[in-house]
There are 2 protein chains.
Amino acid sequence: MTKTIEDFKKILQEKNIRLSHQRLKVLEYLVQNKTHPSVDDIYINLQKDLPSLSKATVYNTLNMLEEVGLVNVLTIEDNENHYEITSKNHGHFKCTSCKKIYDFTLDVEEIKSTDLADFEIKERDVYFRGLCPECLDSDQDSSDK
Amino acid sequence: MTKTIEDFKKILQEKNIRLSHQRLKVLEYLVQNKTHPSVDDIYINLQKDLPSLSKATVYNTLNMLEEVGLVNVLTIEDNENHYEITSKNHGHFKCTSCKKIYDFTLDVEEIKSTDLADFEIKERDVYFRGLCPECLDSDQDSSDK
DNA sequence: TTCTTAATTTATAATCATTATAATTTAATA
DNA sequence: TATTAAATTATAATGATTATAAATTAAGAA
Ligand SMILES: [Mn+2]
Ligand SMILES: [Mn+2]
Ligand SMILES: [Zn+2]
Ligand SMILES: [Zn+2]
């Protein structure tokens with residue numbers, strides 16, 4: 001079910017999109033890091049192996065991957081986008097304390113509203129925000145005697 | 001149920017927040033325009049009556065109103081925030097063609113996931129994107145003979 | 001394998017939303 | 001009406017993202 005780099009190579013080749021080293025590295029990063037990274041996260045980490053990498057390339061690659069449907073953009077934060085490999089639909093929870101973005105099981109296709117009978121829905125995002133268990137725990141610690 | 005400017009005045013006064021002319025105008029704009037406007041929308045329209053209005057004031061006011069819970073910020077778009085008076089929970093649909101943001105009936109409190117049992121959820125946003133009926137109609141027109 | 005060339009990457013500048021700063025103005029109270 | 005802390009304004013600064021143009025490269029042809 002979960003796609004490998006080889007699967008992605010095949011998909012991009014079928015669309016006549018060149019398999020540049022940079023593009024494959026960005027894809028690999030997203031496949032290996034299911035942390036919903038920002039452009040900066042990706043850029044800083046890939047730079048270790050690719051010192052010549054340009055941030056524009058990371059943007060270009062992510063925009064291209066989004067266009068062909070291989071990656072999904074999260075606008076759960078108001079100042080910075082986050083990215084993930086497109087996968088079975090699920091919801092996202094952002095902890096306002098540690099800033100981590102968690103996946104949670106949810107069939108967003110099941111969310112219905114009669115108001116939308118005549119709308120063509122193409123994307124569905126469910127974003128929750130609050131405190132994650134780790135941060136709730138440490139909150140308690142700090143309020144302990 | 002739906003609050004008037006007088007209701008808002010009372011709430012702000014109770015919190016010792018000054019009822020400046022600019023703040024009341026921003027609130028009034030949001031009460032009268034249920035269109036999920038951006039800062040620019042609000043700024044451009046209020047400027048007609050308040051030529052000296054500063055965009056920083058619109059930002060300051062909206063941030064303050066969000067902090068006290070009277071307005072809600074939508075991050076449905078990746079480059080610009082949109083605002084609305086806080087109201088009973090509902091979902092948002094953004095038409096990717098005409099850019100309008102529509103409300104739709106949905107009890108977001110009813111969206112549950114066992115994965116979140118130990119999380120403290122404070123905000124819930126449901127964002128759908130696609131084509132609205134008007135844009136679907138005009139699409140059809142343009143494909144007609 | 002080497003050559004060719006259009007596509008990609010890079011470095012850099014530009015844009016745009018948002019926030020910060022500091023001087024000016026004002027709401028609320030005495 | 002006078003006082004003053006808070007709000008507004010003008011402006012600069014920041015930070016994410018996009019645009020541009022020159023240098024590099026992937027992929028097919030020879
Ligand atoms: Mn996810
Ligand atoms: Mn709404
Ligand atoms: Zn946390
Ligand atoms: Zn539309």
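Lettering follows sequence order; numbering is per chain, from 1.
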Pairwise N/O distances under 3.5 Å, protein to nucleotides 28-30 of chain C:
unit_1: C:dA28; atom_1: OP1; unit_2: B:Leu19; atom_2: N; d: 3.1

So, with a heavy-atom separation below 4.0 Å from DNA chain D, the residues of residues 22-45 of chain A are none
Anything under 4.0 Å to a heavy atom of chain A counts; send over the first and last such nucleotide of DNA chain D, read 5' to 3'. D:dA16 to D:dA27
With a 4.0 Å limit, can you tell me whether A:Asn79 has a side-chain N or O closer than that to the phosphate oxygens OP1/OP2 of C:dA17? no
d(CD, B:Glu80; P, C:dT18) in whole Å: 6 Å
Answer yes or no: is there a side-chain heavy-atom contact under 4.5 Å between B:Asp41 and B:Thr35? no
Per nearest nucleotide of DNA chain D, the residue lying toward the 5' end, B:Thr61 or B:Asp78, is B:Thr61
Taken to the nearest whole Å, CG/B:Leu62 to C1'/C:dA17 is 13 Å
When you measure from the side chain of B:Ser38 to the backbone N and O of B:Asn81, does any donor-acceptor pair fall under 3.5 Å? no
If you take all heavy atoms of B:Val126 and B:Phe104, which pair is closest and at what distance? CG1-CZ, 4.1 Å
What are the two closest non-hydrogen atoms of A:Leu136 and B:Asp118, and how far apart are they? CD1-O, 3.4 Å
In whole angstroms, the gap separating P of C:dT10 from NE2 of A:His21 amounts to 10 Å
With a 3.5 Å cut-off and no angle check, do the side chains of A:Asn60 and A:Thr57 form a donor-acceptor pair? no
Any heavy-atom pair between the side chains of A:Leu53 and A:Lys25 that's under 4.5 Å? no
Could you tell me the separation between the CG atom of B:Asn60 and the P atom of C:dT19, rounded to a whole number of Å? 9 Å
Could you check whether any side-chain heavy atom of B:His36 comes within less than 4.5 Å of a side-chain heavy atom of B:Lys94, counting everything from C-beta outward? no
When A:Lys55 and B:Ala56 are each assigned the nearest nucleotide of DNA chain C, the 5'-most assignment goes to A:Lys55
I'd like to check the salt bridge (charged side-chain N to carboxylate O under 4.0 Å, His left out) partners of A:Glu67; sequence neighbours left out, ordered by chain and number. none
Short side-chain N/O contact from A:Ser54 to OP1 or OP2 of C:dA11, under 4.0 Å: no
Report for the helix from C:dT1-D:dA30 to C:dA30-D:dT1: angle between first-end and last-end helix axes, five pairs each, rounded to 10 degrees. 30°
Indicate yes or no: at least one non-hydrogen side-chain atom of A:Asn89 is less than 4.5 angstrom from one of A:Leu106. no
Any non-hydrogen side-chain atom of B:Phe8 less than 4.5 Å from a side-chain atom of B:Leu65? no
Tell me, do B:Leu62 and B:Val73 make a side-chain contact under 4.5 Å, heavy atoms counted? no
Could you work out, with salt bridge (charged side-chain N to carboxylate O under 4.0 Å, His left out) as the rule, every residue matching B:Glu6, not counting sequence neighbours? B:Lys9
Considering non-hydrogen atoms only, spot the tightest contact between A:Glu80 and A:His82 and give its length. O-CD2, 3.4 Å
Can you measure B:Asn63 atom CG to C:dA17 atom C1' for me and round it to whole angstrom units? 12 Å
For the hydrophobic clusters of this structure (ILVMFWY residues joined by side-chain heavy atoms under 4.5 Å, transitively), does one cluster hold both A:Leu74 and B:Ile121? no
